[in-house]
Chemist: 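Dropping a structure here in structure tokens format, bear with me for questions.
Owing to the predicted nature of the structure, the values given are computational and were not obtained by experimental measurement.
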Amino acid sequence: MRKTVHNDPILNVDTYGNIFMYATHRDLTTSPRHIIRMSEPVQPELLQEALELALIRFPQMAVGLTRGDSAYSYHYLDKPPVVLPFENHLSPYWMGSEDTNGYLFLCGYIRNTIILEYHHCTCDGHGFDEFIRCVLFEYLTLCGHSIENDGTIRTHETEFDASECEDAYPLLENVPRSGDNHHPDVPTFQIPQPENTLDSNELVTEITFPFTQMKSFLKRNGGSPLTYVMTALSRAIAETYFEDGARETIAAEIPMDLRALVPSKTTHFFVSLLDLPFLPEYLDLSFAEACRRCSEYFSTQRAPEHSTWWAKNNADNVFTMHNADISIDEKENLMRTRARNYIHRNSFILTNIGAFHLPPSMQKYVLDYAAILPCASQPFGVLVSSYNGMMKISLAQRDQNIQLVRNLLDELAGTGVRAATYSYPFHTTWYDGKHLAE
């Protein structure tokens, strides 16, 4: 029988997501941020009440972490969730600490903006999206707005199913897997990140444009939104950082939602971390041809047999370490080293979380949506999202080199995309297991 931390399905630790328990915000993107800009100033008392209602439906989010002698585990919380004030985009809080009453998500506000962050050990972007939409629905209802659930939102009036917090990785045992065509572990372009800079602020730029502009280009030339962004960003990186005609492989780590391949209702972490290389020879091609070549290569990496093979290998390795009979200090060092070694195979992380959907009756109260993937120990964190027909690339930079943004905008403009930008200093909510609430 597989080991678990607890027999209670809500307290069961999933196979891969547990690595984030041992890492810190300096190692991995432990706490991605979602930003929801509302049509009215936020009412924190009603937002706190909405959180309580949402937790009725999402009991898997009402947990904290215990740092044991040899492993982390979940425990139930008996304190209410909190809504925290922000003065800017720089979080002064610690995830899972007394700041959040031990909760592994953070809910904050500033003027008409709601800020929601989650600890990656509890869920992935898809899972937290379900929670966000529930919180917004409950909040707008409490505000007295006439809104309707179109059947897509798991409100407190719907029934919780234990399968929604299942560890879905064991499901991969039942699907064909193959390591064929796996991208080799070859050196990729890196920007050194000195250890003493890993707690400094990042620069985030939201690059926003109508989805139809990019779609028009792809319809004429082929490719996909993800490889389009990869092509534009890789060419901008080369223009910004390569010297004397250098040619290096630029590679992104791509988190891919496995639910489309292996159906599951789970909100827990259930992704495959794939490699998307932009090869040196692509720099000598037109944008359209480079995008097509990039797409052709990525099709081999995201093929069902390969993506499930890669996910299963990684998850098994992490789960073995989680259950190893060694001290918690040793385990933290091993997990953090593994995490950094793994992500540093690539130049940066690029994730596409797709469209943020809300029922039509809610959309006039939610004006804008953005999400940020913090850099952690990598130079860039790039997240692609969309809402109401607008595409958004959120680019987080450790070195704060604004020339990269200018070069990226030029690349987009060359394909007919005209983007608006908004830049600001950012710091994610901190996390370290030694700062957990008692």
Side-chain angles (χ1 to χ4, degrees), residues 32-62 79-89 91 100-101 103 105-118 122-123 125-161 164 206 208 210-211 265 267 353-372 383 385-392 394 420 422 424 429:
R33 178 176 297 184
H34 296 249
I35 304 167
I36 298 96
R37 298 186 179 103
M38 310 296 288
S39 61
E40 302 169 346
V42 176
Q43 300 182 59
E45 298 84 3
L46 295 183
L47 185 54
Q48 195 274 339
E49 189 175 345
L51 286 177
E52 293 191 6
L53 290 172
L55 289 173
I56 294 173
R57 182 60 181 77
F58 289 83
Q60 67 269 42
M61 298 297 293
K79 294 181 179 180
V82 295
V83 175
L84 299 167
F86 274 65
E87 293 184 0
N88 48 40
H89 296 278
S91 176
T100 64
N101 272 352
Y103 285 87
F105 66 85
L106 178 146
C107 183
Y109 72 100
I110 177 171
R111 296 184 292 276
N112 70 325
T113 298
I114 296 173
I115 294 170
L116 284 157
E117 295 185 347
Y118 63 98
T122 59
C123 57
H126 177 94
F128 198 61
D129 179 81
E130 298 290 351
F131 183 68
I132 291 174
R133 297 184 329 119
C134 176
V135 171
L136 290 176
F137 184 89
E138 303 291 0
Y139 172 69
L140 290 174
T141 300
L142 291 170
C143 288
H145 296 304
S146 179
I147 58 175
E148 296 181 0
N149 185 358
D150 60 1
T152 65
I153 298 180
R154 306 177 190 181
T155 69
H156 75 279
E157 298 171 334
T158 63
E159 186 175 350
F160 168 73
D161 184 334
E164 295 176 24
E206 297 179 14
T208 308
F211 177 73
K265 296 180 182 178
T267 59
I353 61 174
F356 181 66
H357 292 293
L358 290 174
S361 60
M362 295 176 62
Q363 292 175 12
K364 62 181 176 182
Y365 305 109
V366 179
L367 302 183
D368 192 24
Y369 168 88
I372 301 172
L383 190 147
S385 63
S386 64
Y387 176 63
N388 273 356
M390 300 299 291
M391 197 87 172
K392 195 181 298 284
S394 294
Y422 169 47
Y424 48 87
T429 294

Chemist: For S386, give me all partners under side-chain hydrogen bond (donor to acceptor under 3.5 Å, both in side chains), at least two apart in sequence or on another chain.
Modeler: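 side-chain hydrogen bond (donor to acceptor under 3.5 Å, both in side chains) check on S386 returns nothing, list empty.
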Chemist: Taking salt bridge (charged side-chain N to carboxylate O under 4.0 Å, His left out) as the definition, give me every residue that meets it alongside D150, ordered by chain and number, with sequence neighbours left out.
Modeler: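 Not a single residue meets the salt bridge (charged side-chain N to carboxylate O under 4.0 Å, His left out) criterion with D150.
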Chemist: For residues 40-55, pull every pair meeting salt bridge (Lys or Arg N to Asp or Glu O under 4.0 Å), keeping only residues two or more places apart or in separate chains.
Modeler: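 Non-adjacent pairs meeting salt bridge (Lys or Arg N to Asp or Glu O under 4.0 Å): zero.
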Chemist: Sequence neighbours left out, what passes side-chain contact (heavy atoms from CB on, under 4.5 Å) with A371? Give chain and number order.
Modeler: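 Scan of A371 (side-chain contact (heavy atoms from CB on, under 4.5 Å), adjacent residues dropped) gives H34, I353, Y369, L383.
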Chemist: Can you list every salt bridge (Lys or Arg N to Asp or Glu O under 4.0 Å) pair that touches residues 353-371, not counting sequence neighbours?
Modeler: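 Of all non-adjacent pairs touching residues 353-371, those that pass salt bridge (Lys or Arg N to Asp or Glu O under 4.0 Å) are R37-D368, D368-K392.
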Chemist: Please identify each residue that fulfils ring-ring contact (aromatic ring centres under 6.0 Å, His included) with Y422, with sequence neighbours left out.
Modeler: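 Checked Y422 against ring-ring contact (aromatic ring centres under 6.0 Å, His included); matches are Y424.
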Chemist: With heavy-atom distances below 4.5 Å as the criterion, would you say the side chains of M38 and L367 are in contact?
Modeler: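 Of all side-chain heavy-atom pairs linking L367 with M38, none is under 4.5 Å.
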Chemist: Does S361 have any side-chain contact (heavy atoms from CB on, under 4.5 Å) partners at least two apart in sequence or in another chain, and if so, which?
Modeler: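 I147, E148, P359.
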Chemist: Not counting sequence neighbours, which residues clear salt bridge (charged side-chain N to carboxylate O under 4.0 Å, His left out) with E117? List them please.
Modeler: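 Partners of E117 under the salt bridge (charged side-chain N to carboxylate O under 4.0 Å, His left out) test: R33.
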Chemist: Determine all donor-acceptor pairs shorter than 3.5 Å in which one atom belongs to a side chain in residues 126-136; sequence neighbours excluded.
Modeler:
unit_1, atom_1, unit_2, atom_2, d
R133, NH1, T152, OG1, 3.3
R133, NH1, H357, O, 3.0
R133, NH2, T152, O, 2.4

Chemist: In sequence, state the C-alpha distance, the side-chain angles, and the governing distance for V366 and Y387, and then conclude on side-chain contact (heavy atoms from CB on, under 4.5 Å).
Modeler: CA-CA 10 Å; V366 179; Y387 176 63; 3.5 Å; yes
Chemist: Got a sec, which residues hit side-chain hydrogen bond (donor to acceptor under 3.5 Å, both in side chains) with R154, two or more places apart in sequence or on another chain?
Modeler: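 With sequence neighbours excluded, R154 shows a side-chain hydrogen bond (donor to acceptor under 3.5 Å, both in side chains) to E164, given in chain and number order.
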Chemist: In chain order, what residues pass the side-chain contact (heavy atoms from CB on, under 4.5 Å) check against E157, with sequence neighbours excluded?
Modeler: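 Counting only residues at least two positions away or on another chain, E157 forms a side-chain contact (heavy atoms from CB on, under 4.5 Å) with T155.
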Chemist: Please tell me if the side chains of L47 and C107 come closer than 4.5 Å, counting only heavy atoms from C-beta onward.
Modeler: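 A side-chain contact under 4.5 Å exists here.
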Chemist: Heavy atoms, side chains only, cut-off 4.5 Å: are L106 and F86 in contact?
Modeler: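 When only atoms from C-beta onward are counted, F86 and L106 do touch, with a gap below 4.5 Å.
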Chemist: Return the set of residues passing side-chain contact (heavy atoms from CB on, under 4.5 Å) with P85 (not counting sequence neighbours), or none when no residue passes.
Modeler: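 If we apply the side-chain contact (heavy atoms from CB on, under 4.5 Å) test to P85, skipping adjacent residues, the hits are Y93, Y109.
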Chemist: Do Q48 and V82 touch side chain to side chain, with heavy atoms closer than 4.5 Å?
Modeler: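 A side-chain contact under 4.5 Å is absent here.
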